[in-house]
Amino acid sequence: MIKPDKTIIKIIFYISLIVIGLLLLILVIASSKNKEAGSISIFITAWVLFVTFCIYKIIRIKHRKNRFHKGTYSLYDLDNMDGTGFEKFTCDLLIANGFELAENTQASYDFGVDVLAIKDNITYAIQCKRYNSPVGIEAVQQVYAGRAYYECHVAVVLTNQYFTNSAQKLADKIGVVLWDRDMLYSLL
């Protein structure tokens with residue numbers, strides 16, 4: 001099952017930390033009437049550094065969401081990525097193509113699904129295969145099982161190559177969507 005958009009949750013978290021930090025700073029200043037100004041300036045400096053860190057994290061979160069722009073990559077660029085880079089790129093590619101959410105699953109024990117995505121209230125379990133040769137039947141089997149595990153509506157195998165005949169036949173039979181090199185090119 002896909003969780004709510006983590007981007008909004010993370011931004012709210014960092015804003016909350018800033019507010020809590022400000023309240024603690026006010027409390028420290030109010031309770032230190034008899035203390036010297038040096039300790040108060042240390043607390044203020046620490047708070048400013050903390051706020052700067054939180055703002056930096058918020059900017060990075062917002063920037064990550066809009067990193068890919070259509071037309072900036074070619075299929076050749078994708079052929080030279082490693083598998084992990086291709087999976088991360090897939091999230092950015094889906095967001096740029098109208099998906100509301102696209103996030104990577106954990107690297108190990110992902111149950112055959114690399115990316116979970118949502119578009120128009122339809123959930124997608126996506127297996128990413130950055131290969132140098134046609135993708136076989138195993139990828140179709142893995143994402144079919146992973147779709148059930150993550151309780152998604154649609155199972156997809158996305159590749160920078162094409163699919164073997166057996167992979168195409170099985171996908172047609174069990175309802176797995178295959179996005180090959182041509183589909184990937186149209187998303188770029």
Side-chain angles (χ1 to χ4, degrees), residues 1-11 56-119 122-171 174-188:
M1 180 179 273
I2 298 177
K3 300 174 187 119
D5 187 357
K6 289 182 179 179
T7 304
I8 302 292
I9 293 170
K10 287 179 182 178
I11 290 172
Y56 166 77
K57 293 296 274 184
I58 290 170
I59 291 170
R60 276 195 49 148
I61 290 167
K62 291 183 75 80
H63 176 45
R64 165 112 171 89
K65 190 165 184 144
N66 300 314
R67 198 167 43 183
F68 171 77
H69 299 287
K70 290 180 77 87
T72 56
Y73 284 85
S74 70
L75 288 173
Y76 179 76
D77 295 325
L78 304 184
D79 291 340
N80 291 318
M81 286 183 178
D82 65 1
T84 304
F86 185 65
E87 291 171 12
K88 291 178 182 176
F89 174 80
T90 297
C91 291
D92 295 336
L93 181 69
L94 294 173
I95 294 293
N97 281 280
F99 280 74
E100 293 100 38
L101 174 70
E103 64 183 15
N104 294 101
T105 59
Q106 61 186 18
S108 57
Y109 303 110
D110 62 10
F111 299 97
V113 175
D114 299 313
V115 174
L116 296 170
I118 299 174
K119 183 174 184 178
I122 298 171
T123 55
Y124 294 79
I126 302 169
Q127 171 75 275
C128 300
K129 294 294 183 185
R130 210 268 335 131
Y131 279 7
N132 295 321
S133 59
V135 177
I137 198 170
E138 299 83 16
V140 175
Q141 294 168 333
Q142 290 170 1
V143 78
Y144 181 75
R147 181 204 55 80
Y149 177 81
Y150 287 103
E151 300 174 3
C152 292
H153 299 112
V154 180
V156 178
V157 180
L158 171 67
T159 183
N160 65 319
Q161 294 297 321
Y162 295 99
F163 294 93
T164 63
N165 286 337
S166 60
Q168 291 174 16
K169 285 180 185 176
L170 179 62
I174 63 175
V176 171
V177 178
L178 301 179
W179 290 348
D180 63 9
R181 190 172 185 85
D182 297 333
M183 176 65 172
L184 188 58
Y185 179 75
S186 70
L187 294 172
L188 291 175

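Residue numbers run from 1 in the order of the sequence given.
Taking Ser166 as the reference, Thr164 meet the side-chain hydrogen bond (donor to acceptor under 3.5 Å, both in side chains) condition, with sequence neighbours excluded.
Summarising the geometry, atom CZ belonging to Phe163 is positioned 10.0 Å from atom OH belonging to Tyr131; distances are rounded to the nearest 0.5 Å. A distance of 12.0 Å separates CD in Gln127 from CG in Leu178, rounded to the nearest 0.5 Å. Remark: Thr123 OG1 to Tyr150 OH distance equals 13.0 Å, nearest 0.5 Å. Between the CD atom of Glu103 and the CG atom of Asp114 there is a distance of 13.0 Å, given to the nearest 0.5 Å. Between atom CH2 of residue Trp179 and atom CG of residue Leu187 there is a gap of 6.5 Å, rounded to the nearest 0.5 Å. Taking CG of Leu93 as the start and CG of Leu78 as the end, the distance is 8.0 Å to the nearest 0.5 Å.
Here the closest non-hydrogen pair linking Cys152 and Leu116 is SG-CD2, 3.8 Å. What you find for Cys128 and Val115 is that their closest heavy atoms are SG-CG2, 3.9 Å. Of all the heavy atoms in Val157 and Val143, the pair that sits closest is CG2-CG1, 3.5 Å. Here the shortest heavy-atom pairing between Leu158 and Phe86 reads O-CE2, 4.0 Å.
Side-chain contact check for Asp180 versus Met183: some heavy-atom pair is nearer than 4.5 Å. With contacts defined as side-chain heavy-atom distances shorter than 4.5 Å, the pair Arg181/Asp79 qualifies. Annotation: side chain of Leu170 is not in contact with side chain of Val176 (no heavy-atom distance under 4.5 Å).
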Criterion side chain to side chain contact (heavy atoms under 4.5 Å, CB included) on Asp77 and Leu188, from CA distance to verdict: CA-CA 11 Å; Asp77 295 325; Leu188 291 175; over 6 Å; no
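Checked against Lys129 for a side-chain contact (heavy atoms from CB on, under 4.5 Å), the options Glu138, Glu87, Gln142, Gln161 give a single hit: Gln142.
Of the possible donor and acceptor atoms, none in the side chain of Arg147 sits under 3.5 Å from a partner among the backbone N and O of Ala125.
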